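Quick caveat: nothing in here was measured; it's all calculated off a predicted structure. Order of the sequence lines sets the chain letters (A, B, ...), proteins ahead of strands, with each chain counted from 1.
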Amino acid sequence: MSNKHKITKDPLTGAETTGHVWDDTLQEFNNPLPTWWLWAFYATIIFSIVYWIIYPSWPTNFAKRGFIEGSTSISFKADSIKDGKKIVGGGEEMSVPWNTRALLAHEMQNDPNELKRQAMVKKVAGMALADVAKDPDSSAFVRAYGKGIFGDYCAACHQAGGQGVRGHYPNLVDDAWLWGGDPADIETTIRKGRKGNMPAHKATLSDQQITEAANYVLSLSGEAVDTGLAASGKEIFNTKGCSGCHTPAATGMKALGSANLTDKIWTQAHVPEADTIEAKVKAVKAVISGGIQREMPSWEARLSGDEIKVLVAYLKLLSSN
Amino acid sequence: MLKHESIETNAALLIVMTLAAISIGGLVEIVPLHFIEGTVEDVRIVDGPNKGKQAVRPYTPLEQLGRDIYQREGCYTCHSQMIRPFRDEALRYGHYSLAAESQYDHPFQWGSMRRGPDLARVGGKYSSAWHVKHLTQPTSVVPESIMPNYPWLSETPLDVVGLADKMSTLKMVGVPYSHTKIEFDANVEKFGEDVAKKLDINMAEKNLEAQAKLGDFDGNPDKLSEMDALVAYLQILGTMIDFSKHDEAEFVKFR
């Protein structure tokens, strides 16, 4: 416990003690803060009050709005909604007490960089793809901004370089498009999403039949398969329903997203990874027997029509390289 | 005059005064919220058969169990569920989060750390098959990912024991699940009949199985796994309000 004691002076330094003594002899020196430091501390308290008012979080219209109305206001244009279609910033000008939500709306309508972004998105969306490639400004924007959107929305499946994951997500840089490679087709794919379905055939075809069909499919891409098996495989291909989607020429149909089987491009079967012809047959057999269930989500709720057009331009730049 | 020494030498007084001092900051931030109309925004469905009903509903039993798994696995330590009203976040993640969107979260999953991306609007962004693949082994789809693998989610059957008790507990803290006919009718009034049915505690297990079967979230229709629940939860995140039908000014007025 401490006891009242006389304040004493240290003979060496001249510093005074606090006057408290613990356990008979334990004392402490009194080393107060420098005066200027202490006053700087008081100044920060005064500053915080001023800052509170200017920030603004000092309630000014307490009776009407409670605690939330500050001393400054911020303006932005409200949205207009007509026939279920929303036009951002299409409504009347509003002025509200400063808050971060209003600040965001204000920035989206007035920030110079944001306006530049919007203008570029609009410009590229209105251009023909061939012109985008010719205009250095536009193609630079597409490469930079398109890469950003692609990274956010597409790369999780199609990978950062657009190379896809065999067996799951198609390659976007190989110039083969399951659902059509015209800009309009790609736009529809992004806008609406796609559901890719190939039925499993393990219940309807015997293992031997699946082997034959696999040999035929590989022969279409010029693989050195057993010609006898491939010939009976062709029969199965044409009579057991394969040609219904893949067409008798096996070139696929973009309306169904059925793959072209003659182009040596394998989005689903792990053929390129296989070293031997047996392994290749096995890889194709796995797809025929198990079928394919693929789904790409629709993006029109997340991306604006113009942004989707920029994305299409980006994909076209990617696949043309 | 109270001398500093008498506070420092009296433990009980020191504790009381310390508590008083540190509670001031909290009180200043929390108390006003209870006096501001619209701390939790009133967001209604704009069109369709449920026009005028509440847009944000409590989680269905399957989603709620998925949320429990989300917490159990500590997803919140790396993923936030709070999109702030900044331009960069609006461009990357979509509309900023509303308080209304987490009003039935106990506890909320806003988080304070983003080692991974924000998940407040991840619902519908990827296919369920992608989520299954990603949760089982994230690097199989995102090579640079540092997220751990969660391979047991597909293998572990979903534990539905105590489901009704869980919902009743949430009801005690204010989530409007219904037990009685009166509560059910109140939910019909508030959310519409189709939603009210999903919030009926008496039907919880049946609803859970039906949703898992219909959604087939884990890609294995024969099994009700933890993956089913977690993916069902992820797929609903941030999707309850259709922002394309709302004027931005509507949300600004609440602040």
Minimum side-chain heavy-atom gap [X]-[Y] below 4.5 Å:
| X | Y | result |
| --- | --- | --- |
| Y169(A) | V141(B) | yes |
| E114(A) | L91(B) | yes |
| W130(B) | H168(A) | no |

Where do [X] and [Y] come nearest, in terms of heavy atoms and distance?
| X | Y | value |
| --- | --- | --- |
| L104(A) | F86(B) | CD1-C, 3.4 Å |
| K245(B) | I81(A) | O-CD1, 3.2 Å |
| R121(B) | R302(A) | O-NH2, 2.7 Å |
| A249(B) | A78(A) | CB-CB, 3.8 Å |
| S140(B) | V165(A) | O-CG2, 4.1 Å |

Tell me, side chain or backbone of [X] under 4.5 Å from chain B's heavy atoms, or both, or neither?
| X | value |
| --- | --- |
| A160(A) | neither |
| R117(A) | side chain |
| E295(A) | both |
| N113(A) | both |

**OP:** Sort out for me which of P297(A), A156(A), A105(A) touches chain B most, counting heavy-atom pairs under 4.5 Å.
**Re:** A156(A)
Subject >> Pairs of heavy atoms under 4.5 Å with chain B: top-ranked of M94(A), Q159(A), E107(A) >> reply: Q159(A)
Between atom [atom1] of [X] and atom [atom2] of [Y], what is the distance when rounded to the nearest 0.5 Å?
| X | Y | atom1 | atom2 | answer |
| --- | --- | --- | --- | --- |
| D247(B) | K86(A) | CG | NZ | 7.0 Å |
| K125(B) | C157(A) | NZ | SG | 10.5 Å |
| S127(B) | K195(A) | OG | NZ | 9.5 Å |
| L103(A) | R87(B) | CG | CZ | 11.0 Å |

Should we say atom [atom1] of [X] is surrounded by more than 12 heavy atoms from elsewhere, each under 6.0 Å from it?
| X | atom1 | result |
| --- | --- | --- |
| E93(A) | CD | yes |
| K123(A) | NZ | yes |
| K147(A) | NZ | no |

Subject >> Toward chain A, the part of S145(B) with a non-hydrogen atom under 4.5 Å >> reply: neither
Original post:
Non-hydrogen atoms of chain A under 4.5 Å away: do they reach the side chain of H134(B), the backbone, both or neither?
Top reply: neither
**OP:** Begin from the C-alpha positions of F76(A) and V252(B) and carry the test side-chain contact (heavy atoms from CB on, under 4.5 Å) through to its verdict.
**Re:** CA-CA 10 Å; F76(A) 66 98; V252(B) 170; 3.8 Å; yes
Subject >> Carboxylate-amine/guanidinium proximity below 4.0 Å for E248(B) and K77(A) >> reply: no
**OP:** Return yes if some donor-acceptor pair links the side-chain N/O of R101(A) with the main-chain N/O of F251(B) below 3.5 Å, else return no.
**Re:** yes
